[in-house]
Novice: 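Handing you a structure now.
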Amino acid sequence: MDSGHVVSWFGLPAGRSPSALLRSLRRVGYSGGPPAVFREECLFLETQDGRLARGGCRLSIRRTGQGTVWHLSGPEGERQDPFEGTFPFPSLSPDTAGVPPPASTLADGRLLLPLVRLRSLVSATPVQSSSGAAFLFRAERFIAAPPRAGWPKGARSVGLFTVRLVGGDADAFLRVITDVRDRLGLSAAAGDTCRVALLALNLSEPGAPLPDHLRMRPDDTLTVAARKVIGQQAVKMRDNLAGTIEGEDPEYLHDLRVATRRLRSALRLFAGALGPRRADALRRDLGWVAQRLGTVRDLDVFILNLREQAQRLGEADAIAALLTAELVRRRQPARVALTAALTSRRFQALMCRLDALASSPPPRPHPGAHTLPVAEIGPVLLEKAQRRVLRLGRTIGPTTPAADLHRLRILCKRLRYASEFFREAFGDPASGADPLADYIRTMVRFQDCLGEHQDAVTAIGRIQDLAKEMVQQQQIGPEALLQLGGLIQVQRDIARRRRGRLVKLWSRFDRRSVRKQFGVFSKTCG
């Protein structure tokens, strides 16, 4: 057994000193060496989507009087590596020199972002049981602060008592945990130091599962399920709001935009259960937010694609650089407008209305589909959404207008979102019981292909319009237009290849075996 990863956390009430705790344990056969007492400043890091925590790791930078080190805890135990750099810092690329390899591997190219800061007084004591098992007791009291805010004045410190198995077996660890709980009277903490600190600040942990009260259940009525879906997406909006405003990682903006889209789709799908007038009013305000999010996100995607595609055409590299610089310049006012919207009273009021809707009691029961459990009514709603997709999708071919393909993409998104809304009602994705998994996966491939086709078609028009404006403003000469042919041809090639794939991907999706495999659609489906 890997003793280095066997650890448990307990709350440490005010007034309970580490030395008093150890004296109590000595009475039942434990002995401890001299404690190491020190002050420590710690900065936890995580990717925007919580990849390190999902891999069982915590990454931090810790500074004491002895110096500054990387600290990584995970399935392989704990390790420390020298840290060279400025502390604290805004963010790090996972391939930055010195980042422990397990963390950089789990990050998979995502930025390592500051998550929470701590100032701690730590007492670390080596302890041995009568059976010879070795432990490390770590008692700490800390104050926590958001990564970019000042240290709170007058904040109450948080106490945490950590027991780590250093040498011995599982039975010895269970015995010491029992003694800590029963003889010392300590209660289990809500998690490790990082999680406890985030809870103390009322901050969400990246990638954390949704609260249990928002999980959809098969016996939920449609009116209850609809409110849970609104609550789920409102939580995701709020989780990505601060990161979008700060603008450090574009994935925050992407996820905020997706949550906004899902909310608009949910308000359309559940309008009858939520109240059509209320749903329409919320959709209008979400459309206002979505337009500003989309402007910046579309520029981000266009800039990224343009840079990558220009590398294939050496002769067009110069004009591509000029176009990219102009797009970056135009992005700044779009970012200012987005930030103004997200910090406005109108947006704050919108979030309050979403929260109020999610937490509102369902209306008094009355006969109708809205009182049926989602296990019954969900398949009917999914079948309706699927029928719209099939009706248009079965008409696509080599000459299908781009506008029709774009419309098909929108319908596919609505079907996908609806399927994901009801996913938990038809199984338990966390345990692997997910009858919709293959269906959604097949649909996503087709939808992504449609999206890449639409991006290429849109890029052709954007490049042409942008170049004409730059010529009129004498930012580039007419001769430079000749170099644009290569860039436009790249977009045309992408669109042509994606059209070629669409028919094949559609045939994989439009199959009875795919549509019926999860056994939830009605008999009229397919």
Side-chain angles (χ1 to χ4, degrees), residues 254 257-258 260-269 271 280 283-284 286-287 290-291 293-295 297-302 305-306 309 380-421 436 438-466 487-516 521-522 524-526:
H254 171 67
R257 186 188 188 192
V258 169
T260 304
R261 282 177 168 174
R262 290 175 186 268
L263 267 170
R264 296 177 72 193
S265 183
L267 289 165
R268 179 189 297 272
L269 179 68
D280 288 345
R283 280 179 55 218
R284 282 194 297 272
L286 285 166
Q291 190 274 330
L293 289 166
T295 299
R297 178 61 182 174
D298 289 346
L299 283 170
D300 286 344
V301 173
F302 190 23
N305 290 343
L306 192 59
Q309 293 158 8
V380 177
L381 296 176
L382 289 177
E383 190 273 331
K384 289 180 179 179
Q386 186 194 58
R387 194 185 306 137
R388 298 187 190 100
V389 172
L390 295 177
R391 187 182 300 121
L392 181 56
R394 287 168 178 170
T395 68
I396 65 171
T399 60
T400 301
D404 287 350
L405 293 178
H406 183 52
R407 174 63 179 168
L408 179 59
R409 180 191 180 198
I410 292 173
L411 293 177
C412 279
K413 279 188 177 181
R414 291 176 184 170
L415 174 58
R416 172 190 169 186
Y417 293 160
S419 300
E420 291 172 342
F421 293 156
L436 287 169
D438 289 342
Y439 180 76
I440 293 174
R441 192 159 39 242
T442 305
M443 182 172 20
V444 167
R445 293 193 190 103
F446 181 72
Q447 177 191 317
D448 286 347
C449 188
L450 284 169
E452 291 166 3
H453 176 272
Q454 180 64 22
D455 288 345
V457 171
T458 303
I460 292 173
R462 282 194 168 195
I463 291 173
Q464 292 172 335
D465 293 342
L466 186 59
L487 286 175
I488 292 175
Q489 187 58 45
V490 169
Q491 307 301 330
R492 287 175 177 157
D493 289 343
I494 292 173
R496 176 179 51 78
R497 289 196 298 270
R498 296 303 177 267
R499 275 183 176 267
R501 288 187 61 201
L502 283 175
V503 175
K504 183 177 181 181
L505 290 173
W506 177 259
S507 67
R508 294 177 181 174
F509 171 70
D510 188 11
R511 288 183 299 163
R512 182 180 177 86
S513 60
V514 172
R515 299 193 307 273
K516 300 288 285 185
F521 283 148
S522 65
T524 60
C525 180

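Worth knowing before you read on, the calculation uses all heavy atoms, side chains too, and leaves out hydrogens, waters and symmetry mates.
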Novice: Quick test of your reading of the model: are Glu452 and Arg497 salt-bridged, counting only N-O distances below 4.0 Å?
Specialist: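 No.
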Novice: Quick check: closest heavy atoms across Arg262 and Phe421, and the distance to 0.1 Å?
Specialist: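 The pair with the smallest heavy-atom distance is O-CZ, 3.4 Å.
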Novice: May I ask you to say whether Arg407 pairs ionically with Asp404, meaning some side-chain N is under 4.0 Å from a carboxylate O?
Specialist: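 Asp404 and Arg407: not salt-bridged.
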Novice: Mind listing the closest non-hydrogen atom pair of Leu405 and His453 along with its distance?
Specialist: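 Closest approach of Leu405 to His453, heavy atoms only: CD1-CE1, 3.6 Å.
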Novice: Which value, rounded to the nearest 0.5 Å, describes the distance between Phe446 atom CZ and Arg501 atom CZ?
Specialist: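 Between Phe446 CZ and Arg501 CZ, I get 11.0 Å after rounding to 0.5 Å.
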Novice: Output the distance between atom NZ (Lys413) and atom CG (Leu408), rounded to the nearest 0.5 Å.
Specialist: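 One gets 12.0 Å once the value is rounded to the nearest 0.5 Å.
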Novice: Measuring from Gln447:CD to Leu415:CG, what's the distance to the nearest 0.5 Å?
Specialist: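 Rounded to the nearest 0.5 Å, the CD-CG separation comes to 9.5 Å.
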Novice: Determine whether a donor-acceptor pair (N or O, by modelled atom type, separation under 3.5 Å) exists between the side chain of Arg499 and the backbone of Thr400.
Specialist: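 Here the side-chain-to-backbone pair exists.
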Novice: Taking atom CZ of Arg387 and atom CG of Leu411, what is their separation to the nearest 0.5 Å?
Specialist: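 Taking CZ in Arg387 and CG in Leu411, the distance rounds to 13.0 Å.
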Novice: Under the criterion salt bridge (charged side-chain N to carboxylate O under 4.0 Å, His left out), I'd like the reasoning laid out for Asp298 against Arg257: C-alpha separation, chi angles, the key distance, then a yes or no.
Specialist: CA-CA 11 Å; Asp298 289 346; Arg257 186 188 188 192; 3.2 Å; yes
Novice: What pair of heavy atoms forms the shortest contact from Gln454 to Ala402, and how long is it?
Specialist: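 Closest heavy-atom pair between Gln454 and Ala402: OE1-O, 4.2 Å.
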Novice: Backbone N or O of Asp455 within a donor-acceptor pair of the Thr458 side chain at under 3.5 Å?
Specialist: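 A pair under 3.5 Å: no.
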Novice: What is the minimum heavy-atom distance between Ala290 and Thr260, and which atoms define it?
Specialist: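 Heavy atoms only, the tightest pair is CB-CG2, 4.0 Å.
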Novice: To the nearest 0.5 angstrom, please state how far the CZ atom of Arg498 sits from the CG atom of Asp493.
Specialist: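 Arg498 CZ to Asp493 CG: 10.5 Å, rounded to 0.5 Å.
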Novice: Taking C-beta and beyond as the side chain, do Gln491 and Ile494 meet within less than 4.5 Å on heavy atoms?
Specialist: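 Yes; the side chains approach each other to less than 4.5 Å.
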Novice: Does the pair Arg445/Asp448 count as a salt bridge with the N-to-O cut at 4.0 Å?
Specialist: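 Looking at Arg445 and Asp448, the cut-off is not met.
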Novice: Measuring from atom CZ of Arg508 to atom OG1 of Thr442, what distance do you get when rounded to the nearest 0.5 angstrom?
Specialist: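 Output value for this atom pair is 8.5 Å.
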Novice: Taking all non-hydrogen atoms of both residues, which atom of Arg492 and which atom of Gln464 are closest, and how far apart?
Specialist: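 The answer is NH2-NE2, 4.4 Å.
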Novice: Grab the two heavy atoms, one from Trp506 and one from Arg394, that are nearest each other, plus how far apart they are.
Specialist: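 Closest pair (atom of Trp506, atom of Arg394, distance): CZ2-N, 3.7 Å.
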Novice: Would you call Arg462-Asp465 a salt bridge at under 4.0 Å N-O?
Specialist: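 Answer for the salt bridge query: no.
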Novice: Could you give me the CA-CA distance, side-chain angles and deciding distance for Arg283 and Asp280, then say whether side chain to side chain contact (heavy atoms under 4.5 Å, CB included) is met?
Specialist: CA-CA 5 Å; Arg283 280 179 55 218; Asp280 288 345; 3.5 Å; yes
